[in-house]
*Asks:* 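Here it is, the structure, as structure tokens.
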Amino acid sequence: MVVADTAMLSKYAHLCEVPVRPARWLTESVRDHRLKSPDLYRFCTPSAETCLRAPPSSSKRRYNYSEFRVEVNYDLKSQSAKRRKVVDYSLSSGSTASDQSDSIVKNLFPVLKISRPPSTVRHSEAVETVSSPSARPRRWACEIRPTMSDTDFPMNAKICELLGVVQEAYALKKDHFRTLGYQRAIAKIRSLPHEVLTIDDVRSLGGETSIGSRIERKITEIITTGRLLQAETVLNNSENVAVKTLCDVWGIGPVKAMGLVAEGITSIEQLRAAVRKNDSLLDLNQKIGLKHYEDLLHRIPREQVAELEYYVRRIVKRVDSSIDIKVAGSYLRGKKSCGDVDILVYGSSQKLKKAFPEITKRMKKDGVLTDDLVHGAGKYFGIFKFPGRRHGRIDLFAVPHEQYPYALLTYTGSAVFNSHQGLQKVCRTNYSRTRVEPPIRVRDEKEIFLLLDIPYVPPSARSIS
DNA sequence: CAGTAG
DNA sequence: GGGCCTTACTG
DNA sequence: GCCC
């Protein structure tokens, strides 16, 4: 049994053969001086197989408990080795009791010591472990739950929708941290395994809910009246509507849009007229966004994405046959049409360095890439067009093959699906062009889900809004 | 640096 | 009262 | 906004 924070997890998880629990579990257990429910923290499953097989909500997993003493030799908050605390716990067993576990704890996590409790503690007779003896325990757990689809719990969906309206309004006002607060609350509601029909359904959660008194009040209003006055005020505000309209232009964000609205520009037509008069009203990218405004409003039919995929692969193979591409995004999720096209270009980082710029160069020469928006070392955002077709948005990302599964998960989305803490965290720490440490090695996306101890969700099931 | 997007 | 915060690009 |  090992408890670790995120930094430890990413550093040592690939070496670890014993279950690891999130530090928050220990923090809160120590704080409240009682063992927190496994359900709230997603304890590790005993084996990879059960992890894959067990559906999220229906699994009434049996946890095996035995008694343990945990000595905490450091202050959980400051992470300094000052405080000393001894707490007796009932823990789920797994391979907890093993000497192997103890030695790993000593070697990797010297701040925590785990010992048998005093003999006065009565061992609840250990149930037989769920997994077969040969099954190897999985590595670590993470405090996230699979997301429920909106149709499962209509009231949860309603709450998220209305809180989302308010959140968006704060985002427009650049009130970043208030926005963050709403985002967290929404993510919480979205991840609940049950429907919120009374306010007690959120009050009884315990731990850090990200739902305080203010949002609790709003949730109550939604439950009782089916509406949220604040959200309706936002939606009826014409200035807000104008800002949102202008934000549909690629490159125009809340600040620019509000500036334009302040100048009396409230529609795309007015914006075009204003640009004709004053060329410096918009920057280069914003002008490209405005130029293709109508085309970019249209979604790209799936068949045309497939055509683009075929074309890009041919270019890539011609530049370097060891490199391949993968179209991620909504295309990979199987949608009939896509808002834009996300393409991962993956291979050895060495070869990508040379090949990536060459690839975009050739596509430009072909006239397929018509406008550049962002042209970085490892990423390209631009506009593409095939003869007789509309313009469309295309993103290309150069991905070293070690980071490929993380990048794939990241760009397959949907954004809401990715909005879970654990998913974000693990992808962020393992997919980044600037990362120094080698990533935790995984062969495919499924292994990332295993890492997080959540059931695998195929791309087609990730299109949640 | 601010603003923007994925 | 103060912290919370993804990263990398453009202008 | 939430949390400490």
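Labels below follow one simple rule: chain letters A, B, ... track the order of the sequence lines, proteins then strands, and each chain is numbered from 1. Note that the structure is predicted; figures quoted are calculated from it, not measured.
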*Asks:* Using a 4.0 Å heavy-atom cut-off, does A:Arg393 contact any base of the nucleic acid, only the sugar-phosphate backbone, or nothing at all?
*Replies:*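 Sugar-phosphate, no base atom in range.
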*Asks:* Under the criterion side-chain contact (heavy atoms from CB on, under 4.5 Å), which of A:Val345, A:Ile315, A:Ile394, A:Leu396 is the partner of A:Thr360?
*Replies:*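 For A:Thr360, the side-chain contact (heavy atoms from CB on, under 4.5 Å) check succeeds only for A:Leu396.
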*Asks:* Are there more than 12 heavy atoms of other residues, nucleotides or ligands under 6.0 Å from atom NZ of A:Lys256?
*Replies:*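 Count over threshold, so yes.
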*Asks:* Kindly point out which of D:dC2, B:dG3, C:dG11 is positioned nearest to the side chain of A:Val255?
*Replies:*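 Nearest to the side chain of A:Val255 among the choices is B:dG3.
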*Asks:* For A:Thr410, answer base if it contacts any base atom (sugar-phosphate contacts may also be present), sugar-phosphate if it contacts only those atoms, and nothing otherwise; contact means non-hydrogen atoms under 4.0 Å.
*Replies:*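 Touches nothing.
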*Asks:* When you measure from the side-chain N and O atoms of A:Tyr170 to the phosphate of D:dG1, is any distance below 4.0 Å, counting only OP1 and OP2?
*Replies:*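 True: A:Tyr170 side-chain N/O within range (under 4.0 Å) of D:dG1 OP1/OP2.
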*Asks:* Indicate whether any N or O donor in one side chain lies under 3.5 Å from an N or O acceptor in the other, for A:Tyr311 and A:Asp366.
*Replies:*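 Short answer, yes.
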*Asks:* Ignoring the backbone of A:Asp283, work out which of D:dC2, C:dG11, B:dT4 is nearest its side chain.
*Replies:*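 Minimum distance to the A:Asp283 side chain belongs to C:dG11.
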*Asks:* What's the gap between C:dC5 and B:dT4 when it is taken at their P atoms, as a whole Å value?
*Replies:*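 Their P atoms lie roughly 23 Å apart.
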*Asks:* Which listed nucleotide (C:dT10, D:dG1, D:dC3) is nearest to the side chain of A:Arg214?
*Replies:*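 Shortest atom-to-atom distance from the side chain points to D:dG1.
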*Asks:* Under 5.5 Å centre to centre and under 30° between planes: does that hold for A:Phe177 and the six-membered base ring of C:dC4?
*Replies:*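 Whether judged by distance or by angle, A:Phe177 passes, so it stacks on the base of C:dC4.
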*Asks:* More than 12 heavy atoms of other residues, nucleotides or ligands under 6.0 Å from NZ of A:Lys364: yes or no?
*Replies:*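 It does: A:Lys364 NZ has more than 12 such atoms within range.
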*Asks:* For the side chain of A:Ala377, counting heavy atoms from C-beta on, which of D:dG1, C:dC9, B:dG6 is nearest?
*Replies:*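 Side chain of A:Ala377 sits closest to C:dC9.
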*Asks:* Quick check for you: among C:dT10, C:dC5, B:dG6, whose closest atom lies nearest to any side-chain atom of A:Phe381?
*Replies:*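 Minimum distance to the A:Phe381 side chain belongs to B:dG6.
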*Asks:* Could you please name the option among D:dG1, B:dG6, B:dT4 that lies closest to any side-chain atom of A:Pro254?
*Replies:*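 Out of D:dG1, B:dG6, B:dT4, the nucleotide with an atom closest to A:Pro254's side chain is B:dT4.
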*Asks:* With rounding to the closest Å, how many angstrom separate the C1' atoms on C:dA8 and D:dG1?
*Replies:*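 After rounding to an integer number of Å, I get 27 Å for this pair.
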*Asks:* Respond yes when some side-chain nitrogen or oxygen of A:Arg184 is under 4.0 Å from OP1 or OP2 of C:dC5, and no when none is.
*Replies:*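 So the side chain of A:Arg184 is within the cut-off, an N or O lying under 4.0 Å from OP1 or OP2 of C:dC5.
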*Asks:* Go through B:dG6, C:dT10, D:dC3 for me and flag the one nearest to the A:Thr209 side chain.
*Replies:*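 Per side-chain heavy atoms of A:Thr209, the pick is D:dC3.
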*Asks:* Any ion pair linking A:Glu221 and A:Arg217 (charged N to carboxylate O, less than 4.0 Å)?
*Replies:*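 The answer is no: the pair does not qualify as a salt bridge.
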*Asks:* Heavy atoms under 4.0 Å, any strand shown: does A:Thr179 hit a base, just sugar-phosphate, or nothing?
*Replies:*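 Nothing, no heavy atom under 4.0 Å.
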*Asks:* When all nucleic acid strands are considered with a 4.0 Å heavy-atom cut-off, which category describes A:Lys174: base, sugar-phosphate, or nothing?
*Replies:*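 The answer is sugar-phosphate, as A:Lys174 gets under 4.0 Å only of primed atoms, P, OP1 or OP2.
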